[in-house]
Amino acid sequence: TSLLSFLNELITPTDQEDESKTYWLQQSEQFYTTFLSQRSIALASLERENNMKLVTSNRILMELRQFFATVRIGQCQKAFELLQRLELLPLRQEDVNAMESRYKDFDPLVKAQFPALSAGAVYCLHELYRKIKSEALGVDANVEFHLKDLQMKARFIYIFSGLTKMPSATKEEIQRMRNTMM
C-alpha cells in the first residue's frame, strides 16, 4: 500500500515533465504490469485492505501524464480523445453533476491534478476550434455545428471548475480561452 502511494506521489504533478518524473513513471508502469495487472499477492493484499482505490488512482495519474505529454507535442486531437476515454471531465450538460459527484470520491492526489487537467482540456478544445476555423473554406452548417460543440464542451468544463472550487487562476485561464472561441 505505502509503495503504491509513494509511486503515485512521485509521478505528480502530472502536467510537469522532468527526468525524475519520467523515471518514476517507468517504475510505476513496471510495478503495475508486474504486480497489479494480474492476480498477485500485492493485488490480493490491496483488495484485502480495501485499497483498490490506490490502483485506480495510479492508473488515472499515469493516463494524465500521457494526456499532458501528448498536449506538449501538439497533438491536441489525440490528447482530447484520451481525455474523452478517461471520462474525468464533463463534456455534456447531463455529465456536469455526475462528474462533480465522482470528483468528490477521488484520491486527493488525483483531485490536485484537476486544475491543470481542466485548463489543458480547454486548451485542446481551443486549438481544435482554431484549426477547424482556419481550415474551413466557409462556415457551413456542419462546421458551425462542430465549432458550437467545442464551445459547449469548454463551457461545461468551466462550469465544472466552478462547482469543484478550482483556483480562480484556473477559471480565469479557461474563461480567457473560451473568450477566443467566438
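- Phe106 and Phe114 have their aromatic ring centers within a separation under 6.0 angstrom.
- With hydrogens and angles ignored, the 3.5 Å screen pairs no side-chain donor or acceptor of Tyr129 with any backbone N or O of Leu147.
- Taking 4.5 Å as the limit, every side-chain heavy atom of Met99 sits out of range of all side-chain heavy atoms of Leu89.
- Ser118 and Ile174 make their closest contact through CB-CD1, 3.8 Å (heavy atoms, listed as atom of the first residue, atom of the second, distance).
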Show the numbers, then the answer: is there a side-chain hydrogen bond (donor to acceptor under 3.5 Å, both in side chains) between Glu100 and Thr164? CA-CA 7 Å; Glu100 179 192 12; Thr164 55; over 6 Å; no

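- Considering only residues two or more places apart in sequence or on other chains, Tyr23 meets the ring pair (Phe, Tyr, Trp, His ring centres under 6.0 Å) condition with none of them.
- Side-chain atoms of Thr180 come within 3.5 Å of backbone atoms of Met177 as a donor-acceptor pair (strictly under, hydrogens ignored).
- Residues Gln66 and Thr70 bring a donor and an acceptor atom of their side chains to less than 3.5 Å of each other.
- For the pair His146/Asn142, no side-chain contact is recorded, criterion being any heavy-atom separation below 4.5 Å from C-beta on.
- Environment of CZ in Phe31: crowded, with over 12 heavy atoms of neighbouring residues, nucleotides or ligands closer than 6.0 Å.
- Of the possible polar contacts, none joining the Thr170 side chain to the Met166 backbone as a donor-acceptor pair under 3.5 Å is found.
- The local environment of CD in Glu135 is crowded, with over 12 non-hydrogen atoms from other residues, nucleotides or ligands closer than 6.0 Å.
- Side chains of Gln113 and Thr12: no donor on one and acceptor on the other come within 3.5 Å.
- At least one donor-acceptor pair closer than 3.5 Å links the side chain of Arg65 to the backbone N or O of Ile11.
- Salt-bridge annotation for Asp149 and Lys153: present, with a side-chain N of the basic residue lying under 4.0 Å from a carboxylate O of the acidic one.
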Walk me through whether Gln75 and Val71 qualify under side-chain contact (heavy atoms from CB on, under 4.5 Å). CA-CA 6 Å; Gln75 294 184 352; Val71 172; over 6 Å; no

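- Ion pair Glu87/Arg102 not flagged as a salt bridge, since none of the NZ, NE, NH1 or NH2 atoms sits closer than 4.0 Å to an Asp/Glu carboxylate oxygen.
- In this structure, a donor-acceptor pair under 3.5 Å is present between the side chains of Glu81 and Gln77.
- A donor-acceptor pair is defined here as one N or O able to donate and one able to accept, closer than 3.5 Å; such a pair exists between the side chain of Arg72 and the backbone of Asp15.
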All N/O donor-acceptor pairs, side-chain side in residues 52-62, below 3.5 Å, sequence neighbours left out:
from	atom 1	to	atom 2	distance (Å)
Lys53	NZ	Asp105	O	2.5
Thr56	OG1	Met52	O	3.4
Ser57	OG	Lys53	O	3.0
Asn58	ND2	Asn8	OD1	2.8
Asn58	ND2	Ser28	OG	2.7

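- Taking the centre and axis of the six-membered ring of Tyr158, the NZ or CZ atom of Lys171 falls outside the cone set by 45° and 6.0 Å.
- Checking side-chain atoms of Lys133 against main-chain N and O of Met182 turns up a donor-acceptor pair under 3.5 Å.
- Residues forming a ring pair (Phe, Tyr, Trp, His ring centres under 6.0 Å) with Phe156 (at least two apart in sequence, or on another chain): none.
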